[in-house]
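To keep things clear, I will list the structure first and then write my remarks on it.
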Amino acid sequence: MKQKLNSLKDKTTALLKQGLMPKELIQSIIVSGLISIIPILGVSTFMITTVSLKRKLNFPVMISLSYLMWPVQILMIIPFIRVGEFIFSVPRNRHTVEEIISSFQSSFFQTLSQLSFELLCGLGGWLLTAVPTAVVVYWVSLLYLRERKTL
């Protein structure tokens, strides 16, 4: 029993210590911020967990930032949908954030099927605005770290 507890403690400690180099921390923060504002509620935690484990990024930092970014995610749903509607030249929908949130709370999969086109527009808006912004912020951060000679 004691050996199992020590093993669990070692695994937890390793998880907390992984991804602590400056470059890895920047990657963790930027990837988490990017995924946290994806305009589909309920997928960011799963995506962050998967990415952090695959890329060996700092999971505690990423998940903490994800929870802090939840209000931003809510605020950005409609703007991302609007950008996607503009890009794809489709008529504007009249859904409010409150309608979308309550719909997700009542039935996640039913909302995905009912609002699939709007969510696809939002995902397109997110891909064409947030992803390039995150890439630029990442490269600027790397240049800053190189300038300070912390890399």
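Small disclaimer: the values here were computed from a predicted structure and weren't measured.
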Polar side-chain atom of Ser52 near backbone of Phe59 as donor-acceptor pair, under 3.5 Å = no
In this structure, OG of Ser141 is separated from NZ of Lys23 (nearest 0.5 Å) by 12.0 Å
Residues in side chain to side chain contact (heavy atoms under 4.5 Å, CB included) contact with Leu65, at least two apart in sequence or another chain = Ile29, Ser32, Met69
What is the distance from atom CD1 of Ile38 to atom OG of Ser66, rounded to the nearest 0.5 Å?
-> 11.0 Å
Is it true that atom CZ of Phe88 has more than 12 heavy atoms of other residues, nucleotides or ligands lying nearer than 6.0 Å?
-> yes
Checking side chain to side chain contact (heavy atoms under 4.5 Å, CB included) for the pair Phe80/Gln73: CA distance, chi angles, key distance, verdict?
-> CA-CA 10 Å; Phe80 283 142; Gln73 180 186 26; over 6 Å; no
Answer yes or no: is there a donor N or O on one side and an acceptor on the other, between the side chain of Ser28 and the main chain of Asn58, under 3.5 Å?
-> yes
If you look at every heavy atom in Leu145 and Pro22, which pair is closest and at what distance?
-> CD1-CB, 3.9 Å
Leu34 backbone acceptor or donor facing Trp126 side chain under 3.5 Å | yes
Distance, nearest 0.5 Å, that separates OG of Ser106 from CD1 of Ile101 | 12.0 Å
Which residues share a side chain to side chain contact (heavy atoms under 4.5 Å, CB included) with Ser102, sequence neighbours left out = none
List for me each residue that meets side chain to side chain contact (heavy atoms under 4.5 Å, CB included) alongside Leu75, sequence neighbours excluded, and say none if there are none.
-> none
From CD (Gln110) to CG (Leu115), nearest 0.5 Å | 9.5 Å
If you round to the nearest 0.5 Å, how far is CD of Glu98 from OG of Ser103?
-> 13.0 Å
Value rounded to 0.5 Å, distance of CD1 in Ile100 from OG1 in Thr111 | 9.5 Å
Applying side-chain hydrogen bond (donor to acceptor under 3.5 Å, both in side chains) between Tyr144 and each of Arg148, Glu147, Arg146, report the one that passes.
-> Arg148
Counting only heavy atoms not in Tyr67, do more than 12 sit closer than 6.0 Å to its OH atom?
-> no
Just do the side chain to side chain contact (heavy atoms under 4.5 Å, CB included) check on Trp139 and Leu143 with the steps written out, would you?
-> CA-CA 6 Å; Trp139 286 110; Leu143 288 172; 5.5 Å; no
